[in-house]
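Let me begin by presenting the structure, written as structure tokens, before commenting on it.
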Amino acid sequence: MDLSQSQAKKQLEKVFGYSEFRLEQEEIIDTLVAGDDALVLMPTGGGKSLCYQIPALVREGTAVVVSPLIALMQDQVAALKQNGVKAEFVNSSLDGQEVYRIESAVLAGQVDLLYLSPERLLQDRTLNLLHEVKLSLFAIDEAHCVSRWGHDFRPEYQQLFHLSREFPNVPRIALTATADERTRQEIIAQLALENAKVFISSFDRPNIHYTISEKQNAKQRLIDFIKHQHSGDSGIVYCLSRKRVEEFAETLQSAGFNALAYHAGMNAEVRKNNQDEFIHEEGIIMVATIAFGMGIDKPNVRFVAHMDMPKSVEAYYQQTGRAGRDGLPANAWMLHGLQDVIQMSQWINQSDAPENIKRVEHEKLSALVGLCETISCRREKILAYFGEQGQEKCGNCDNCQIPPVTWDATEAAQKALSAIARTGHRFGTAHIIDILAGSENEKVLSYGHQKLPVFGLGKDITKVTWRSVIRQLIMLNFVRIDVENYNVLSLREECRPILKGEQKLYLRQALKKADKKKKQSATNQFVAEDDKDLFEHLKSVRLELAHENGVPPYAVFHDKTLIAMAEIKPQNEDELLEISGVGQYKLEKYADYFLEAISEYV
Ligand code: ADP
Ligand code: ZN
């Protein structure tokens with residue numbers, strides 16, 4: 001181990017209270033410490049922050065961290081200060097005097113990490129300041145914000161290109177949890193990182209359990225899911241529209257849950273209060289549009305539920321990734337339906353994006369539909385999407401645990417396809433089903449469709465099953481649905497082998513049984529029965545300290561650390577220091593409170 005390596009390790013232990021580096025952290029840190037550039041792709045919760053925070057402490061000078069959101073900066077700086085690190089942020093939330101104070105501290109060499117928004121960084125005033133001082137590195141967090149194609153595009157990020165020219169000798173690190181190849185290439189080009197060493201970690205989040213099922217009886221299902229698996233937990237419920245956010249928040253509140261709402265249409269102050277409450281208190285369920293999430297670093301979000309489909313696998317992955325950052329078991333739970341796909345397709349069509357972008361968006365949507373419809377392992381499918389090979393069966397998703405019941409739907413599909421073709425690709429699902437079911441209603445008679453050879457050929461199957469067959473034919477890309485024209489169905493080229501009997505088609509049985517009550521609930525399931533009281537007590541001590549210090553509870557200690565305390569029951573400072581997550585600074589600040597709380601129990 002050379003000198004800088006041992007220094008990095010020392011900081012890890014002393015400042016952050018961790019004993020081992022994770023994934024590729026050590027190599028990334030070495031790269032920066034040596035003065036080279038790095039591009040880091042690591043899943044949410046993987047531990048990206050340490051990759052620049054430690055080099056910032058090891059290298060001489062001030063590190064500049066570019067971050068897209070004020071909330072994100074504030075959280076990180078508060079957490080660093082809790083660890084005794086000299087960190088500051090400058091953004092529009094500060095008044096002139098505070099900005100001046102921080103600038104003076106930077107000039108005096110008293111700031112190890114300075115968090116800035118991209119706009120602020122590129123102001124002349126800031127650039128001049130930075131030219132005056134020694135800089136240890138630039139860290140560009142959430143680097144996928146440079147990508148036009150992405151879900152968080154921020155035009156100012158593209159201006160960061162200039163950093164390489166303005167400060168050619170300062171190493172730069174860009175970090176993101178968005179993994180696809182296109183975004184990666186764009187980050188390299190937009191940020192001039194051609195010479196950067198690229199670190200791609202596995203995108204697997206083994207502690208997240210995936211469940212995706214058909215949208216039926218959504219409200220009751222959500223209530224059951226939370227009641228049976230997550231009572232008392234913090235979680236996020238995503239909805240597509242403001243209206244649905246309000247509806248679902250109300251539903252949960254009347255069912256007795258501690259739920260809050262968050263969407264862009266709300267009064268800014270109320271919205272901010274709700275966000276603060278979610279971060280600072282325990283056991284709150286946030287019902288939100290996707291406006292909520294980036295920058296929410298709360299480590300003990302135990303579930304993310306989607307009541308509507310997002311628009312791509314990337315978006316789904318990023319949103320579900322907000323669950324279980326602390327590495328403890330968490331749930332990603334989604335309901336999806338054909339209506340979502342139709343809605344989303346319409347939005348894509350109606351946007352004023354150029355045709356090539358619309359095409360990519362349709363492809364992305366269809367990849368997500370593929371994930372929803374798959375009868376094999378979800379995790380394997382997600383990892384494959386990101387170009388990674390997983391195991392065939394992860395054992396921790398719905399399809400692995402309760403393999404879907406499938407049936408040979410080849411003949412049924414042929415009948416449906418033929419009904420669509422025989423009626424001239426001019427009708428929607430309901431009419432096609434009426435023909436198959438042999439309903440002699442007015443519309444059928446008026447077109448003379450009772451005379452078709454397929455009329456009544458599908459009487460052996462219920463209408464509900466027909467609906468499911470047609471839905472899956474659409475989702476699996478055998479049938480096209482024209483969302484601009486009354487949802488009229490037509491055949492796609494891909495259905496030919498089925499029509500000709502060259503390919504068998506197995507479909508999912510209509511709806512799986514409701515999610516089994518496998519898991520119990522809450523974090524305290526990881527705590528031994530005998531230690532539960534102590535754990536709850538430690539949590540209340542933590543909450544009090546957090547309130548006193550004006551920081552979120554996890555900035556005091558993570559759940560994991562409290563669980564370890566409850567289990568090991570340290571009796572003195574040395575024993576407490578052994579626990580993961582307890583560093584020197586926090587020891588000095590909090591040891592008395594926690595040691596006392598523990599001693600009451602032993
Ligand atoms: P990301 O930014 O990649 O989502 P964070 O940097 O927020 O992830 O880290 C996620 C969690 O993992 C944090 O609580 C952090 O303290 C913890 N962590 C990071 N590195 C380590 C490590 N080497 N050992 C233990 N915990 C770690
Ligand atoms: Zn699986």
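Each ligand, and each atom within it, is numbered from 1 in the order the structure gives.
With respect to the salt-bridge test (charged N to carboxylate O, under 4.0 angstrom), the residues E373 and K381 do not qualify. The pair E214-R508 does not meet the salt-bridge criterion, since no charged nitrogen lies less than 4.0 angstrom from a carboxylate oxygen. Contact check on E119 versus R154 returns a salt bridge, with a Lys/Arg side-chain nitrogen under 4.0 Å from an Asp/Glu carboxylate oxygen. Salt bridge D36/K197: absent, no basic N to carboxylate O contact under 4.0 Å.
Residues K569 and D531 form a side-chain contact, since some pair of their non-hydrogen atoms from C-beta on lies under 4.5 Å apart. Contact of the Y554 side chain with the Q82 side chain is not registered, since no non-hydrogen atoms from C-beta on lie closer than 4.5 Å.
Summary of contacts: the protein heavy atom closest to atom 10 (C) of ligand 1 is G45 O, 3.6 Å. Here the protein heavy atom with the shortest distance to atom 8 (O) of ligand 1 is G47 N, 3.2 Å. Annotation: atom 20 (N) of ligand 1 to nearest protein heavy atom, Q25 NE2, 2.9 Å. Shortest contact from atom 16 (O) of ligand 1 to any protein heavy atom: Y18 OH, 2.7 Å.
In this structure, the ring of Y317 has its center no less than 6.0 angstrom from the ring center of Y385. Checked against a 6.0 Å centroid threshold, the rings of F292 and F278 count as neighbours.
Contacts between S580 and ligand 1 below 4.0 angstrom, taking non-hydrogen atoms only, are absent altogether. Only backbone heavy atoms of E20 (N, CA, C or O) come within less than 4.0 Å of ligand 1; its side chain stays farther off. Only the backbone of F21 comes within 4.0 Å of ligand 1, counting heavy atoms alone; no side-chain atom from C-beta on gets that close.
When the heavy-atom distances from atom 7 (O) of ligand 1 to P299, G17, S49 are ranked, the shortest goes to S49.
Using a 4.0 Å cutoff on heavy atoms, M42 does not count as a contact of ligand 1. Using a 4.0 Å heavy-atom cutoff, C51 is absent from the residues neighbouring ligand 1.
Taking every non-hydrogen atom of T44 and a distance limit under 4.0 Å, the qualifying atoms of ligand 1 come out as 4 (O). Taking every non-hydrogen atom of H558 and a distance limit under 4.0 Å, the qualifying atoms of ligand 1 come out as 13 (C), 14 (O). Counting the atoms of ligand 1 from 1 in the order shown, those under 4.0 Å from a heavy atom of P43 are 3 (O).
Take a cut-off of 2.8 Å around the Zn ion (ligand 2): the protein N, O or S atoms inside it are C377 SG, C394 SG, C397 SG, C400 SG.
For M42 against S201, the heavy-atom pair with the smallest separation is CG-OG, 3.4 Å. In this structure, M334 and C372 approach most closely via the heavy-atom pair CE-SG, 3.7 Å.
No option in E567, K560, M565 other than M565 meets the side-chain contact (heavy atoms from CB on, under 4.5 Å) test with I579.
Counting non-hydrogen atoms of neighbouring residues, nucleotides and ligands closer than 6.0 angstrom, the CD atom of Q391 reaches no more than 12 such neighbours.
Close N/O approach between L50 and ligand 1 is not found [any backbone or side-chain N/O within under 3.5 Å].
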Pair F594-F557, ring-ring contact (aromatic ring centres under 6.0 Å, His included): steps then yes or no: CA-CA 11 Å; F594 287 91; F557 286 123; 5.2 Å; yes
